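For reference, the structure is listed below as structure tokens.
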Protein chains: 2
Amino acid sequence: MVSIKDVAKHAGVAISTVSKVLNDYPNVSEETKRKVNQAVQELNFVPNSVAAALSSKQSGRVALLLGLNTKTQAIDEIVMQYISGAINKAMEMGLDVITFFFSMFENKNVEEITRYLKAQSIHGIIIYGMSKEDKVLQKLINMQEFKAVLVDAPLYNPSTSTVWVNQEQAQYDVAKKTIVENKCKKVLYIAGKKNGYVTEERLKGIKRLAQDMDLDLMIKHGEFSELQARNIAFRFAKNKDVVVCASDLMAIGAMRALMEMDIFRPVCGFDGITLMGYAGKQMNTIRQNFAGVSSAAVEELHYLMNGGEGREKVLGYTIERMKYMDIIC
Amino acid sequence: MVSIKDVAKHAGVAISTVSKVLNDYPNVSEETKRKVNQAVQELNFVPNSVAAALSSKQSGRVALLLGLNTKTQAIDEIVMQYISGAINKAMEMGLDVITFFFSMFENKNVEEITRYLKAQSIHGIIIYGMSKEDKVLQKLINMQEFKAVLVDAPLYNPSTSTVWVNQEQAQYDVAKKTIVENKCKKVLYIAGKKNGYVTEERLKGIKRLAQDMDLDLMIKHGEFSELQARNIAFRFAKNKDVVVCASDLMAIGAMRALMEMDIFRPVCGFDGITLMGYAGKQMNTIRQNFAGVSSAAVEELHYLMNGGEGREKVLGYTIERMKYMDIIC
DNA sequence: CTGTTAGCGCCTTCAT
DNA sequence: ATGAAGGCGCTAACAG
């Protein structure tokens, strides 16, 4: 294995000099820079990131913490987009990423998690799918022992940033579109998981809309479950004239109930998952670019790890009308 | 950060002794073991895996290479199960895992990939979804620079193992069940991707069945695409009396075509994905335990990294009858 | 059975 | 602007 030592010898300079040009330190003449880079080329040198991590206290090792339910295929799609978006971007930026699931830390306290992460020389973390109930993670954030980026959770401090789309506005927009198109008044809103950050933001959105349009709004919690949404629709959709759901999966559940009851109500979803193609009905939904969000999160983490201050980053979204797929009906 | 040095001091022994008990070396008295372990407890010591990786040439850093199409939600489910199965098991066994996608290595040659992996102190890799066309990866395997486990690809050598379910037999069994139940004779078989290892094994299975039962067998390649399977079914299903598909997704495509043509033919799938619940019809399929396969792969890699010889591991599967879900029809 | 010592590959003061 | 030297935390001979 070719090491920095070989490069140094080959270029006729000291090891430390090589290290300096590798890490873009100042005070290196253009001439030596050139020599070193050439040696790197010729020897096909690839710096050993493990050694770098051990030596420096500010390495590029990053953890992905995934706290998303891996039970539903709809969500798998989202998680995969998060993962691949992050990993691709991280690789591009020369960061090492290690992936974890919340379940691994289930019975551990903050100190244990911190120790574990530190033992891995991890200096930055990206957290997906954190809810208000994840007290341990919140402590982790508050301790600021790591640079962190939260995806879809509105918490930030000097060493923590938040990256998310404006859920409130998105819910407002997609629901409004559906309601205006169909001239509705009585709304059944099937919300997500109680104590979920995203759920609450979306709730705010629909509430604001109800206010603005003077709607009759009924709110039920479907916990992001297709089945629960289905049951809710069974019980309450009949004397409403539109069903607004906080996720596509719940929208599917609601639609099924409506079909079984043999009544028509416009439904709108949220997420823009591929699975919607299987829903069998036309509906509006919010398309989020999950890979893009994840990629932005990595950039944000990089920014933090280089001395940036925690902040909030809001990304865009688009409203999409799913095509009518009556093939399966 | 508490290091091995602190533990040594606290326990009143040498650093190397601590290292020995940590790594289960022989020749350590029970007494000192006890002392060291106690010190570890009291100090909440967590060994730094990065330092270990740097120091030893046989560390526990492992790479997951994912070569699966991440475009279809059905496959996301499978990939997620692979990933979480592997990561969970790896954590349990004290291995560090780094996740990669084939796409990252697209325009790299074997040497570059090898260098990159080595620079990461990676000594073992698990490869998912490799096909016959992935020449570079095959070279990587043949060079035996890394201990490797291939999932669903029948290649092995002294430092490479294969873990997979018996695809040939599974295809045979599920097709037979469907055919016997419905007393069929003329079979339309929609195969997967050309040059895919799994595809070929399944093909062998259906061919053997055709032989054994004296069936009239037509084979078409659907490339694991729902749309292509749909088109194939449109063209050829009419004068067959059963459609056997090499994946659930294709089975859905075929079923849609049948419905649109308003004819009934029994269909059988392969994989056991959750999405089948949305298919709208009853069908037989093969349920594979992807997380289990992945977990087994990690164990196998561990075995290899500890001096084991490459071998083939065949896992089980079950035939499953998807429930009738006419809700959406 | 235990301790001493020399690295692993790189980063980072501190002199020069 | 450059180089020498001392670690980072751990492993692995080698003595004792």
Side-chain angles (χ1 to χ4, degrees), chain A residues 1-36 39-40 43-61 94 96 115-123 305-306, chain B residues 1-36 39-40 43-61 94 96 115-123 305-306:
Chain A
M1 179 175 196
V2 30
S3 78
I4 197 174
K5 208 166 150 186
D6 306 309
V7 177
K9 210 175 294 171
H10 197 86
V13 298
I15 293 182
S16 56
T17 308
V18 177
S19 174
K20 279 168 194 162
V21 339
L22 252 41
N23 297 293
D24 279 326
Y25 271 56
N27 295 333
V28 183
S29 75
E30 286 305 317
E31 172 58 13
T32 39
K33 258 186 206 168
R34 208 191 42 67
K35 278 195 298 186
V36 169
V40 167
L43 297 178
N44 284 317
F45 170 67
V46 180
N48 183 320
S49 66
V50 170
L54 177 61
S55 178
S56 90
K57 283 295 116 194
Q58 199 235 283
S59 78
R61 287 171 61 83
D96 293 358
R115 272 199 299 276
Y116 181 79
L117 260 20
K118 293 214 163 170
Q120 297 259 21
S121 296
I122 284 169
H123 296 112
M305 298 204 305
N306 286 307
Chain B
M1 181 174 195
V2 29
S3 78
I4 197 174
K5 208 165 150 187
D6 305 309
V7 178
K9 209 176 296 172
H10 197 87
V13 297
I15 292 181
S16 58
T17 307
V18 176
S19 175
K20 279 170 196 162
V21 339
L22 252 40
N23 297 292
D24 279 325
Y25 272 55
N27 295 333
V28 183
S29 74
E30 286 306 317
E31 172 58 13
T32 38
K33 259 187 205 166
R34 210 192 39 68
K35 276 195 298 187
V36 171
V40 168
L43 298 177
N44 284 317
F45 169 68
V46 180
N48 182 322
S49 66
V50 171
L54 178 61
S55 177
S56 90
K57 283 294 115 192
Q58 201 236 283
S59 77
R61 287 171 62 83
D96 293 357
R115 272 199 299 279
Y116 181 80
L117 260 22
K118 292 214 164 174
Q120 297 259 19
S121 296
I122 284 169
H123 297 111
M305 298 202 309
N306 286 308

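A quick note: this is a predicted structure, and the numbers were derived from the prediction, not measured. Chain A is the first sequence line, chain B the second, and so forth, proteins listed ahead of strands; every chain is numbered from 1.
Taking atom CD1 of A/Ile4 as the reference point, atom C1' of C/dC11 lies 8 Å away to the nearest angstrom.
In this structure a side-chain-to-backbone donor-acceptor pair under 3.5 Å is missing from B/Arg115 to A/Val46.
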Stepwise side chain to side chain contact (heavy atoms under 4.5 Å, CB included) test for B/Arg61 and A/Val50
CA-CA 10 Å; B/Arg61 287 171 62 83; A/Val50 170; 3.8 Å; yes
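Dashed line: the shortest gap from a side-chain N or O of B/Ser19 to OP1 or OP2 of D/dT11 is under 4.0 Å. Using a 4.0 Å cut-off, no side-chain N or O of B/Ser55 falls inside it from OP1 or OP2 of D/dA12. For B/Ser29 and C/dC1, the shortest distance from a side-chain N or O to OP1 or OP2 is not below 4.0 Å. Within the 4.0 Å cut-off from OP1 or OP2 of C/dC8, not a single side-chain nitrogen or oxygen of A/Asn48 is found. Taking 4.0 angstrom as the limit, A/Tyr25 places none of its side-chain polar atoms (N or O) nearer than this to OP1 or OP2 of D/dT2. Side-chain N/O atoms of A/Asn27 include one lying less than 4.0 angstrom from OP1 or OP2 on D/dA1. For C/dT2, the OP1/OP2 oxygens have a side-chain nitrogen or oxygen of B/Thr32 closer than 4.0 Å.
Residues B/Asn48 and A/Ser121 form a side-chain contact, since some pair of their non-hydrogen atoms from C-beta on lies under 4.5 Å apart. Proximity of B/Gln120 to A/Asp96: side-chain heavy atoms (C-beta onward) are separated by under 4.5 Å at one or more points. At least one side-chain heavy atom of B/Glu31 sits less than 4.5 Å from a side-chain heavy atom of B/Arg34.
Residue A/Leu22 is classed as having no contact, given no heavy-atom separation below 4.0 Å to the nucleic acid.
The side chain of B/Val13 has C/dG3 as its nearest neighbour among C/dG9, C/dC8, C/dG3. Of the candidate nucleotides C/dT2, D/dG3, D/dC10, C/dT2 has the atom lying nearest to any side-chain atom of B/Val28. When the nucleotides C/dT4, C/dC11, D/dG3 are ranked by their closest atom to the side chain of A/Ala14, D/dG3 comes out on top.
Toward the 5' end of DNA chain D, the nearer of the two residues B/Val50 and B/Lys20, judged by each one's closest nucleotide, is B/Val50.
With hydrogens and angles left out, the side chain of A/Ser56 and the base of C/dC11 share no donor-acceptor pair within 3.5 Å. Side-chain atoms of A/Ser16 and base atoms of C/dT13 include no donor and acceptor less than 3.5 Å apart.
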